[in-house]
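Quantities reported herein were computed from a predicted structural model and do not represent experimental measurements. All chains are named by letter (A, B, ...) in the order of the sequence lines, taking the proteins before the strands, and each is independently numbered beginning at 1.
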There are 2 protein chains.
Amino acid sequence: MARSRNGRPVTLREVAEASGLSVSAVSMALQDHPRIGRESKERVRRVAAELGYVANSAGRALRARRADAVAVIVPNTSQHVFGHAYFMHVLTGVNDVVIEHDAQLVISTNPDESHGAAAYERVMRSGYVDGAIVTSASIDDPGITRLVASGLPVVLLGRFPHLPEAVSVGVDDRAAERLATEHLIREHGRTDLVHLSGPLDHQTAIDRRDGFLDAVEEAGVSGRVLEGDFSEESGHRLGRVLATTRFDGLVASNDEMAFGAMTELAAAGCRIPDDLVIVGFDDFGLSRVTNPSITTIHVPAESMARLAAEQLFDLVSGSGITGERHAVLPVELVPRGSCGCTARHP
Amino acid sequence: MARSRNGRPVTLREVAEASGLSVSAVSMALQDHPRIGRESKERVRRVAAELGYVANSAGRALRARRADAVAVIVPNTSQHVFGHAYFMHVLTGVNDVVIEHDAQLVISTNPDESHGAAAYERVMRSGYVDGAIVTSASIDDPGITRLVASGLPVVLLGRFPHLPEAVSVGVDDRAAERLATEHLIREHGRTDLVHLSGPLDHQTAIDRRDGFLDAVEEAGVSGRVLEGDFSEESGHRLGRVLATTRFDGLVASNDEMAFGAMTELAAAGCRIPDDLVIVGFDDFGLSRVTNPSITTIHVPAESMARLAAEQLFDLVSGSGITGERHAVLPVELVPRGSCGCTARHP
DNA sequence: ATGGTGTGCTGGAACGTTTGAGCAAATCCT
DNA sequence: AGGATTTGCTCAAACGTTCCAGCACACCAT
C-alpha cells in the first residue's frame, strides 16, 4: 500500500488522520520524541508501516536544511587521467560510509568546464547535497579552488598543497615512488633508470617524479624522465621510443603506463625481468593479472575514500574533523613478476 | 558572492528585491516565461548571476513534484557477482544521458536485504529520485519485484522473463554463448567441451549455460557444465578440478572465471591455446590484458546503460517509451589469443 | 487553596519554489 | 468610442516536513 487514494505518495497528514493525532504529533512520534506517549508512538509506527509511509525528502530537506546526501565529484579532466578502477574503489569506500550514515550518494561529473560555473558547483549550492568529496583534479582546476573557497563542506582526495585550508586525504606519492625506485636500485642492482611520469600539471605526477629523482640522486645512478599522461596508450608510445635505447629499470608512475610500455618492450624482444625490471604504481587490479604481473605500489584507495567520507560527515555535522586535516595514508610495495621478485606465470 | 547577509544561500526573494520585481516574476523570468518582458528578463538574469543565485532543489522538488534525478540501483547480491568493471561501464553510460537531461545521478546500494523493505525502495518513495535503473539482480530478488509492482518508473538492465511488464534492456546471452561455443567447435575443431557457469539463480548464468548446451547438442559433441559464481576465485577452484580431467575446450560464462581457470590450467602444464582453447564472456577489460589474451563476447554495457537511461527519462516524463519495451542489443565475438585466433604476446 | 513541575499533545509558522487566478494598462478591432 | 484582446506583472496558495510556543491536565509540595 504505497500511495493513497489521490494517486500520490502517502503523506504525514494521512498518517495523522488514520491514527487520530495531529501532523506534528506523528512527526514527533516517528522521531521518537520523548514528549510523545508510548502508546501513541506504537500506534503511529504501526499505521505508518501499514500505509507504507515514507517521508518526502524534499519536504524534509526544505525544512531541515539538510539533504542527508553527499556527492562524489569527478572533474572531467581527471576522468581520462584516472582509469576506471580507481573510481570504483573510491565509490566503494564512500558508499560504505554513506550507508552507515543513512544518507544518499550522488555522482557528479562536469560536462564541460569552459561553460561558466562548474556543474558540480550548482549541485552543491542547490542544496541537493550537504557536501562533496572531490577526486584528484589537475593542479590548477579553478572549479575546485572556488568550491573550496565557497566554504561548502568539501574533502579532497589527493594532495593539494596549494589549498592548505582544505581538508584532504592522500598518500605520500613522493616517498612511495622513492621506495619503488630504491627497490630496483638496491634489491635488483639497477643503475640506469627511466621514469614514465604522468601529466606534470597533476600533483600526483609531480610528486611521483620527484620521488624517483630523490632516489636516483641519492644513489648516484642514472635517471631520465619521460612525460606521459597516465594512459596505457602513452605507455605504448613511450615504450616504442624506449625500445631503441639502453636502460635497465623502468619506473612507471602508474600501472597502465607500465603495462603499455611493458607490452611494447617485450614485443621488441626485451626479456622482463631479466633484461629489464619494471615497477608500476596504484595496484587497482591491472598489475596483478598481467604476465608477468607488475611490481607496484599499493594505493589504498578504498580506505582513503572511507576516511574522506568520514571526515566529510564530520564537517557537515559541524563538529570538527576528528582526524588530521591532511591525512596521509601509508602505502606499500607489492613485489611481483616484473622486477623478478616472484616467478613469471608458466 | 554565494550567500547573502544572513549566511544562507541566496533565495529567489533576495533576487526579487534586488531587481525590483515580485518573487513570482523572477521565477517566471528565469524560466523564460513568455509573459515576462524582455528587459525584466535580462535584468533578472543579470542580478541572479551577480548574486550567485542557484535554485534550491528541495523547494523546487517539493512544489514541482520532480527531483530531476535518477538512481542506479545495485542490489548487493549482484555486487559480488558482477565485478567492478561492469558497473563502471553502466555508470558511464547512464551518466552521459543524465547530463544531457540536466539531472542528477544517485547511486543506491542495498545495505542488507533481510532487513525489511529494501533501502532502494525508500529512495524511490521518498521522492529523492524520479526513477531508477536496476542492474541485474538474482532471479528471485523480491525487492525488484516489489519495485516494479509499485509502479514507480524503473528500467531493468538485463533480461527478466518473470517480469514481462517491466521495461528492460539486455543482450541475448543464450545466442551469444552459443556463438562462442560454436566458434570453438567449428573454427577450432574442438569436440570435448566444458562450461563454467555462473550461479544458476541468475538469469544471465542460466541463459549462457543454455546457449552452451544448444551448441554442443546441435553439433553432437561432448559438453559438461560446472557451476561457479562468476568470481575469479571460483574459476581457480574449478580450474584445479579440471586440471585432472581431459577436455579440449573451455567455455566460461565470464572473463573472471576464464582467467582464474586459465591460470590454474596453465600452472598445471596445459598449453593454451594448443592443448586447450578458452573463451570468456563480457570483455569489460580483463580479457584484453591477460597473457594469452582471452577470446570473449563483447557486451556493450555502456550502450545498454545509455539506452536504459533514455528509456527511463521517457518513462518519467510520461511520454511512452520510444524504443521497444524489451530491447536486446547485439553482441559480438572478439577473437584473441586464448583460442589461437591471435598470437600470444611474445 | 496555591504555585510549581511534568506529561502529552495541538496549532501554526516556516523552509524556497512554482503556478493559477487576477488585475491594470496598453493595444487592437470594428 | 466601446469592447475585446494582449502584455506584464502581482498575490496567494500549495507542496510535505519540522519544531517552537503554548495549552490542558495531572500530580506534587507547600
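Using a 4.0 Å heavy-atom cutoff across all strands shown, Ala55(A) reaches sugar-phosphate atoms only and no base atom. Arg60(A) comes within contact range of the sugar-phosphate backbone alone, with a heavy-atom separation under 4.0 Å but no base atom that close. Counting non-hydrogen atoms under 4.0 angstrom, Ala58(A) reaches nothing in the nucleic acid. As judged by a 4.0 angstrom heavy-atom cut-off over every strand, Ser57(A) is placed among residues making no nucleic acid contact.
Distance Arg63(A) CZ to dC20(D) P: 8 Å, rounded to the nearest Å. One interatomic measurement links the two molecules: OH of Tyr128(A) to P of dG16(C), which rounds to 19 Å at whole-angstrom precision. Between His33(A) atom NE2 and dT17(D) atom P the separation is 18 Å, expressed in whole Å. Protein atom CD1 of Ile36(A) is 14 Å distant from nucleotide atom P of dC20(D), rounded to whole Å. Spacing between atom CZ of Arg66(B) and atom P of dT17(C) amounts to 15 Å, rounded to whole angstrom units. Rounded to an integer number of Å, the gap from Asp32(A) CG to dC9(C) C1' is 16 Å. Atom OH of Tyr53(A) is separated from atom C1' of dG16(D) by 7 Å (rounded to the nearest Å). Between the CD atom of Glu17(A) and the P atom of dT10(C) there is a distance of 13 Å, rounded to whole Å.
Between atom NE2 of residue His89(A) and atom OG of residue Ser303(A) there is a gap of 10.5 Å, rounded to the nearest 0.5 Å. Atom CD1 of Ile36(B) is separated from atom CG of Leu21(B) by 7.5 Å, given to the nearest 0.5 angstrom.
Checked by atom type and distance alone, the side chain of Ser19(B) pairs as donor or acceptor with a backbone atom of Val15(B) at under 3.5 Å.
Side-chain nitrogen and oxygen atoms of Ser27(B) include none within less than 4.0 Å of the OP1 or OP2 phosphate oxygen of dT17(C). A close approach under 4.0 Å does occur between a side-chain nitrogen or oxygen of Gln31(A) and OP1 or OP2 of dC19(D). Thr11(B) has no side-chain polar atom (N or O) that falls below the 4.0 Å cut-off from OP1 or OP2 of dC15(C).
Projected onto DNA chain D by closest heavy-atom contact, Gly20(B) and Gly59(B) fall at different nucleotides, the more 5' of which corresponds to Gly20(B). Summary of the strand contacts: Arg65(A) and Arg35(A) both lie near DNA chain C, and taking for each the nucleotide with the nearest heavy atom, the more 5' one is attributed to Arg35(A). In terms of position along DNA chain C, the nucleotide closest to Arg38(A) lies nearer the 5' end than the nucleotide closest to the other residue of the pair Arg38(A) and Ser24(A).
Enclosure of atom CD in Glu165(A) by more than 12 non-hydrogen atoms of other residues, nucleotides or ligands within 6.0 angstrom is indicated.
The distance between the ring centers of Tyr128(A) and Tyr128(B) falls below 6.0 angstrom.
Here the nucleotide nearest the side chain of Val23(B), chosen from dT18(C), dT19(C), dC9(C), is dT18(C). Among the nucleotides dT10(D), dT17(C), dT10(C), the one closest to the side chain of Ser22(B) is dT10(D). Closest approach to the Asn56(B) side chain among dT10(D), dG16(C), dT18(D) is made by dG16(C) (side chain taken as heavy atoms from C-beta onward).
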